[in-house]
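A quick note: this is a predicted structure, and the numbers were derived from the prediction, not measured. Chain letters run A, B, ... following the sequence lines, proteins first and then strands; every chain starts at 1.
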Amino acid sequence: MIISSFPKFRRALLAWSAAHGRDLPWRRTRDPYAILVSEIMLQQTQVATVLSYYREWLRRFPDVRTLAAASASDVLHAWQGLGYYARARNLHAAAKIIVEQHRGTFPTSAEEIRKLPGVGRYTANAVATFAFDHSLPIVEANTARLLARLLNLQLRIDSTAGQQHLWSLATGLLPRHNAGTHNSALMDLGALICTPGQPNCPACPVREFCTAVHPAKLPLKKPRTELKQLTEHHSYIRRNGSILLEQSTDRWRGMWIFPRLANPPAAAPLHQSHFPFTHHRVALRIFKTKAPRGMAANQKWTKVEEVEQIAMPSPHRRALRELLAASAAGSCRNTSSYVNFNTR
DNA sequence: AAGCCGGGGGT
DNA sequence: ACCCCAGGCTT
């Protein structure tokens, strides 16, 4: 890309986005709180997944004061199923900081926004550019791919040097005014035309500026680390109409899971399933065991009617729904065993 | 610089 | 089975 061609690039990009850009709910507001919510949710999470969570979140926590006043368990419950739960804890903490240290007024500079927990360079600039129209660059998955192809970048985009090239170009392309629209257009182009698999180059409004020789082979990335197998054992303990659950202290911190079982019994598990977890493939096995004499401090009996009200990670949530359904069906048929091998 | 953190969608 | 995703934090 030649610097003198940047104005032409911007005009072509803008004309395209006016006709083909996406209409997304967080673009229909300038409320920095709502935009921050969307940006945190969208970290490593696809737009289609976020949509329903975003609407429900703003219904439950319509403003920063409501979120700051909410309980940690309510916040985690609203995030349930989205993954990367530290994001929810950070967003909650950020709301408290804004209320307690900024008197409820959202900070307007990217520097101040970036001091909030869970907010890095991308998210700070995104909120500043979309909420306040500040002329700041953004580089995330869509724009990184697009810019790497424009540059025919032969560096890995997840390397320090590669990142420097991307942020540098993103900065150079910025207009003085209406940067929010410009940045949205870059993302849309990456998401709709300059796609990961086979980019739709014939439909690209800026193809004349692109130097990629083999665009489908870009961007370069570090090869993924290999998957490791894990097996995790848990207990299914029912008493009257309740189930014993345990609040996790490490992975899924603060969420409720089946109690961990150090020594699995020889009997067949009631439930088995598999789920991916970062670079692991976990076999989840749940055994029927007897109620313990005492209860650990992080455990509690939860009524079956109330399990939907507490935050559980997706694999345990799915297992619980399956076990309850099997249990209900089993009691109707008056059987006592409901072994379920859901091995996928 | 590398590892860690979830879960679902698309192919 | 893979790869991908509006990243950030910790080591």
>> Assess, by modelled atom type and distance only, whether the side chains of A/T160 and A/Q163 contain a donor and an acceptor separated by less than 3.5 Å.
In response: no

> Separation of A/L82 atom CG from C/dA6 atom P, in whole Å?
Replying inline: 13 Å

>> Under 4.0 Å, counting only non-hydrogen atoms across every strand here, what does A/R114 touch: a base, just sugar-phosphate, or nothing?
In response: nothing

>> Rounded to whole Å, how long is the line connecting atom CD of A/Q43 with atom C1' of C/dC9?
In response: 11 Å

> What is the 5' to 3' range of DNA chain B, first to last nucleotide, that sits under 4.0 Å from any heavy atom of chain A?
Replying inline: B/dA1 to B/dG9

> Given the P atoms of C/dG8 and B/dG8, what is the spacing between them in whole Å?
Replying inline: 23 Å

> Hey, what's the ring geometry for A/F132 with A/F106, parallel, tilted or perpendicular (30° and 60° as the breaks)?
Replying inline: tilted

> So what does A/F275 touch, heavy atoms closer than 4.0 Å: a base, only the sugar-phosphate, or nothing?
Replying inline: nothing

> Quick one, which residues of residues 151-159 of chain A touch DNA chain B with a heavy atom under 4.0 Å?
Replying inline: none

>> From CD1 of A/I40 over to C1' of C/dC9, roughly how many Å is that when rounded to an integer?
In response: 12 Å

>> Over all strands shown, is A/W79 touching base, sugar-phosphate only, or nothing at heavy-atom distances under 4.0 angstrom?
In response: nothing

>> Under a 3.5 Å threshold, yes or no: a donor from one side chain and an acceptor from the other, between A/Q229 and A/H280?
In response: no

> Hey, is A/D188 close enough to A/R22 for a salt bridge, meaning N to O under 4.0 Å?
Replying inline: yes

>> From CD of A/Q163 over to P of C/dG7, roughly how many Å is that when rounded to an integer?
In response: 11 Å

>> Short of 4.0 Å, heavy atom to strand atom, which residues of residues 122-145 of chain A count as contacting DNA chain C?
In response: A/Y122, A/T123, A/E140, A/A141, A/N142, A/R145

> Does A/P117 or A/W26 map to a spot on DNA chain C nearer the 5' end, using the closest nucleotide for each?
Replying inline: A/W26

> Over how many whole Å does the gap from A/L192 atom CG to C/dC5 atom P extend?
Replying inline: 14 Å

> How close or far is atom C1' of C/dA6 from atom CD1 of A/I35, stated in whole angstroms?
Replying inline: 13 Å

> Phosphate oxygens OP1/OP2 of C/dG7: is one of them under 4.0 Å from a side-chain N or O of A/Q44?
Replying inline: yes

>> Using the P atom as the point on both nucleotides, what is the distance between B/dC4 and C/dA6, in whole Å?
In response: 24 Å

> Do A/W57 and A/F61 have ring centres separated by under 6.0 Å?
Replying inline: yes

> For the atom pair OG1 (A/T249) and CE (A/M255), what is the distance rounded to the nearest 0.5 Å?
Replying inline: 14.0 Å

> With no hydrogens and no angle check, do the side chains of A/Q80 and A/R317 hold a donor and an acceptor under 3.5 Å apart?
Replying inline: yes

> Which residue, A/T160 or A/R253, contacts DNA chain B at a nucleotide closer to its 5' end, judged by nearest heavy atom?
Replying inline: A/T160

>> Under a plain distance cut-off of 3.5 Å, with no hydrogens placed, do A/E39 and A/Y122 share a side-chain donor-acceptor pair?
In response: yes

>> Just to be sure I understand the rule, does A/T278 reach a base, reach only the sugar-phosphate, or reach nothing, if contact means heavy atoms closer than 4.0 Å?
In response: base

>> Whether the A/R60 and A/T66 side chains hold a donor-acceptor pair (N or O, under 3.5 Å, no angle test) is what I'd like checked.
In response: no

> Is there a ring-ring contact (aromatic ring centres under 6.0 Å, His included) between A/F287 and A/H233 once you walk through the steps?
Replying inline: CA-CA 7 Å; A/F287 298 86; A/H233 306 101; 5.8 Å; yes

> At under 4.0 Å between heavy atoms, what does A/P315 touch on the DNA or RNA strands: base, sugar-phosphate, or nothing?
Replying inline: sugar-phosphate

> What distance do A/R27 atom CZ and A/F130 atom CZ have between them, rounded to the nearest 0.5 Å?
Replying inline: 6.5 Å

>> For A/R59, give me all partners under salt bridge (Lys or Arg N to Asp or Glu O under 4.0 Å), at least two apart in sequence or on another chain.
In response: A/E56

> Do we see a donor-acceptor contact under 3.5 Å between the side chains of A/R114 and A/T123?
Replying inline: no

> Within the structure shown, what part of the strands sits under 4.0 Å from A/L24 by heavy-atom distance: base, sugar-phosphate, or nothing?
Replying inline: base

> So what does A/V50 hit on the nucleic acid, given a heavy-atom distance under 4.0 Å: a base, only sugar-phosphate, or nothing?
Replying inline: nothing

>> Assuming nearest nucleotide by heavy-atom distance, tell me which of A/H279 and A/Y85 is located more 5' along DNA chain B.
In response: A/H279

> Do any pairs count as a side-chain hydrogen bond (donor to acceptor under 3.5 Å, both in side chains) and have a residue in residues 251-262 of chain A, sequence neighbours left out, and if so which ones?
Replying inline: A/E232-A/R251

> Paired stems touching DNA chain B, three or more consecutive Watson-Crick or G-U pairs with both distances under 3.5 Å?
Replying inline: B:1-5 with C:7-11, B:7-11 with C:1-5

>> Regarding A/N152 and A/R149, do their side chains bring together a donor and an acceptor under 3.5 Å, going by distance alone?
In response: no

> Once you round it to whole Å, what is the distance between C1' of C/dA6 and CG of A/D188?
Replying inline: 11 Å

> Does A/R22 get its side chain close enough to the base of C/dA6, under 3.5 Å, for a donor-acceptor pair?
Replying inline: yes

> Do you know which of A/N125, A/N178, A/T129 makes side chain to side chain contact (heavy atoms under 4.5 Å, CB included) with A/N183?
Replying inline: A/T129

>> Categorize A/Y84 for me: base, sugar-phosphate, or nothing, with a 4.0 angstrom heavy-atom threshold over every strand shown.
In response: base

> When the distance from CG of A/N90 to C1' of C/dT10 is rounded to whole Å, what number comes out?
Replying inline: 12 Å

